There are 2 protein chains.
Amino acid sequence: MSTLILPPQATQAGLAVDVAAFAMHAGELQVLLVERGSLPHARTWALPGGFVHLGEELNEAALRELRTKTSVELEPRLLEQFYTFGAVERDPRGRVVSVAHMAVLPHGTVRVTGGGNALGAGWFPAHTPPTLAFDHQDILNRAIDRLQIRLEYALLALEFLPDTFTLPELQGVYEAILNKQLDKRNFRKRLLSQGVLTTSGERRSGVGRPAQLYRRASRVRIPGTL
Amino acid sequence: MSTLILPPQATQAGLAVDVAAFAMHAGELQVLLVERGSLPHARTWALPGGFVHLGEELNEAALRELRTKTSVELEPRLLEQFYTFGAVERDPRGRVVSVAHMAVLPHGTVRVTGGGNALGAGWFPAHTPPTLAFDHQDILNRAIDRLQIRLEYALLALEFLPDTFTLPELQGVYEAILNKQLDKRNFRKRLLSQGVLTTSGERRSGVGRPAQLYRRASRVRIPGTL
DNA sequence: GCAAAAGTGTTTTATTTACACCCATGA
DNA sequence: TCATGGGTGTAAATAAAACACTTTTGC
């Protein structure tokens, strides 16, 4: 415990982090949830999160909770706080303030299992999740808002995809996050005119005409990236 | 003190709020600072702020700190949190997390004096403040960023002005916040085409040609307003 | 040759930027 | 009448939106 000399009426609050971790699966924006194994809200789905440790930075705590509660093996491509939830009654155990974080997990992060006191972990449609514990639906709503706002910024959609990708795949990421359809021609025009994609020469095979592969021309460091 | 059953390694942190309160004075964007009267950083300028009380919401605490530390008499027109500063070493007394808020004070909020353990309070140029305590320069920088982003949103600039105002005055608010010059004709075109300003008929006298007075056509509730 | 998905251009509209002179008032 | 600040319009450039057919491949 920290030894902090404070005025008597000052609140010592439990300091927590929660993480809304997003990825694309099956052409859909999905969010990573854990099933709580202990009270309160046992057996209810929740965002992975928990209390910050002594001497631990907020984003370190968010990363640790993400790893230990869900056993995701990949590094998140983006991890940043977006809002702090501190309503007096949000946690029945007492005053707990949660610094909510948003994370983007790269393509390939499929296998998750529960860890710590989580019974299990799994991916759920971000726009239509199950009933969530605490005020986690509020947190998720705000996380999606932030994700949509950040989308154009620094080509965030690329973080959801592998190194090489096709333009229809990229458009799918935009559509899944924005939850609406985009015009194919206008989308291609806009993305290619930014000049940050470079054709990767090869072509990927499947049904129908093969698509051109692209990769990002130069990796720009995104603020909020680890 | 709250009685909170927590895992042993969990951090109980001091929960604080700090407020970057802005107003326009002398055609300049100014920020409200207090001179600290106690350690650490005694006799150093800082953003008004302090510890959250038991059972007190975060924005309530921000409002209370603003009032008691600076004795501003007017209601802020906007008060919203924008980022949480929680670096382990940001406060020498121990782990203190500060939920930083941004406030806009309306025209007329001139007289301020210190309150509580603040030696004094005063307005300073927001873009060129004095040396600040703790990480308050970081907080201020981020508050200005947020203010600039929010500027267009819901006609935030009007909150800095009295009920009736002239277009040159309004342009002055934009320029002070953005810290750059704007084109007069384009500015008027853009603002008037939004259709939210209505001419107030009268004219204000001074040097040079009198300016048309305007008022907002309909008051739209701004999210984050009290 | 047909099903499936990729790829491609033009027109219209709206938005943004650049830019210079006249007007109303008080001293 | 002059100094001071307020007010006005147009043209060019850029960005955004609407819209339908052709191409390439595997089966």
Side-chain angles (χ1 to χ4, degrees), chain A residues 24 26-28 107 148-149 151-155 157-158 160-162 164-216, chain B residues 24 26-28 107 148-149 151-155 157-158 160-215:
Chain A
M24 292 292 303
E28 194 177 27
H107 186 80
Q148 290 176 343
I149 290 170
L151 183 55
E152 298 301 334
Y153 182 67
L155 241 25
L158 294 191
F160 285 90
L161 294 172
T164 63
F165 51 87
T166 68
L167 281 186
E169 284 167 357
L170 184 58
Q171 183 173 346
V173 175
Y174 274 77
E175 291 177 337
I177 293 175
L178 297 176
N179 209 16
K180 69 174 185 185
Q181 299 290 108
L182 300 176
D183 180 272
K184 182 165 48 159
R185 283 168 290 189
N186 292 336
F187 178 81
R188 300 171 78 90
K189 215 182 314 171
R190 190 161 62 82
L191 266 288
L192 293 178
S193 71
Q194 289 181 230
V196 290
L197 298 186
T198 179
T199 156
S200 188
E202 311 130 55
R203 302 170 153 269
R204 178 172 299 171
S205 210
V207 184
R209 175 175 176 175
Q212 180 70 245
L213 283 176
Y214 291 87
R215 60 174 68 245
R216 70 186 325 155
Chain B
M24 292 292 303
E28 194 178 26
H107 186 81
Q148 290 175 343
I149 291 170
L151 184 55
E152 298 302 334
Y153 181 69
L155 241 26
L158 293 191
F160 285 90
L161 293 172
D163 281 352
T164 63
F165 50 88
T166 68
L167 283 186
E169 283 167 357
L170 184 57
Q171 182 174 346
V173 175
Y174 274 76
E175 291 178 337
I177 293 174
L178 297 175
N179 209 15
K180 70 174 183 186
Q181 300 290 107
L182 300 175
D183 181 273
K184 183 167 44 163
R185 282 168 292 188
N186 293 336
F187 178 80
R188 299 171 77 90
K189 213 185 315 170
R190 190 160 61 81
L191 266 289
L192 292 177
S193 71
Q194 289 180 232
V196 291
L197 298 186
T198 179
T199 155
S200 189
E202 313 129 53
R203 302 173 153 267
R204 179 172 299 171
S205 208
V207 184
R209 175 175 174 175
Q212 180 69 245
L213 282 178
Y214 292 86
R215 59 175 69 246

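Per chain, numbering begins at 1; letters A, B, ... match sequence-line order. What you see is a predicted model, and the numbers here were worked out from it, not measured in a lab.
Nucleotide D:dT23 holds its C1' atom 10 Å from the CZ atom of A:Arg203, rounded to whole Å. The nearest whole Å value for the distance from the CD atom in A:Gln212 to the P atom in D:dT25 is 12 Å. The interatomic distance linking B:Phe165 (CZ) with D:dG6 (C1') rounds to 16 Å, in whole Å. Straight-line distance from the CG atom of B:Asn186 to the P atom of C:dA20: 13 Å, rounded to whole Å. Counting to the nearest Å, the C1' atom of D:dT22 and the CZ atom of A:Arg209 are 9 Å from each other. The CD-C1' distance, from A:Gln194 to D:dA16, rounds to 14 Å in whole Å. Counting to the nearest Å, the C1' atom of D:dA20 and the CG atom of A:Asp183 are 11 Å from each other. Taking atom CD on A:Glu169 and atom C1' on C:dA5, their separation rounds to 12 Å, with Å as the unit.
Of all heavy-atom pairs between A:Phe165 and A:Leu170, the closest is CE1-CD2, 4.1 Å.
Applying the 4.0 Å criterion to OP1 and OP2 of D:dT8, one finds that B:Arg188 has a side-chain N or O inside that range.
Checking D:dT4, C:dA6, D:dT8 against every side-chain atom of B:Lys184, the shortest atom distance belongs to D:dT8.
To the nearest 0.5 Å, the span separating CZ on A:Phe160 from CG on A:Leu151 amounts to 8.0 Å.
In this structure, A:Leu155 and A:Gln194 have side chains that are in contact, with non-hydrogen atoms separated by less than 4.5 Å. In this structure, the side chains of B:Thr166 and B:Leu213 come closer than 4.5 Å at one or more pairs of heavy atoms.
Side-chain atoms of B:Lys189 stay outside donor-acceptor range of the base of C:dT16, with no qualifying N/O pair under 3.5 Å.
Position along DNA chain D of the nearest nucleotide to A:Arg190 versus B:Pro168 favours B:Pro168 as the more 5'-ward residue. Take the nearest nucleotide of DNA chain D for A:Gly206 and for B:Tyr214: the residue whose nucleotide is more 5' is B:Tyr214.
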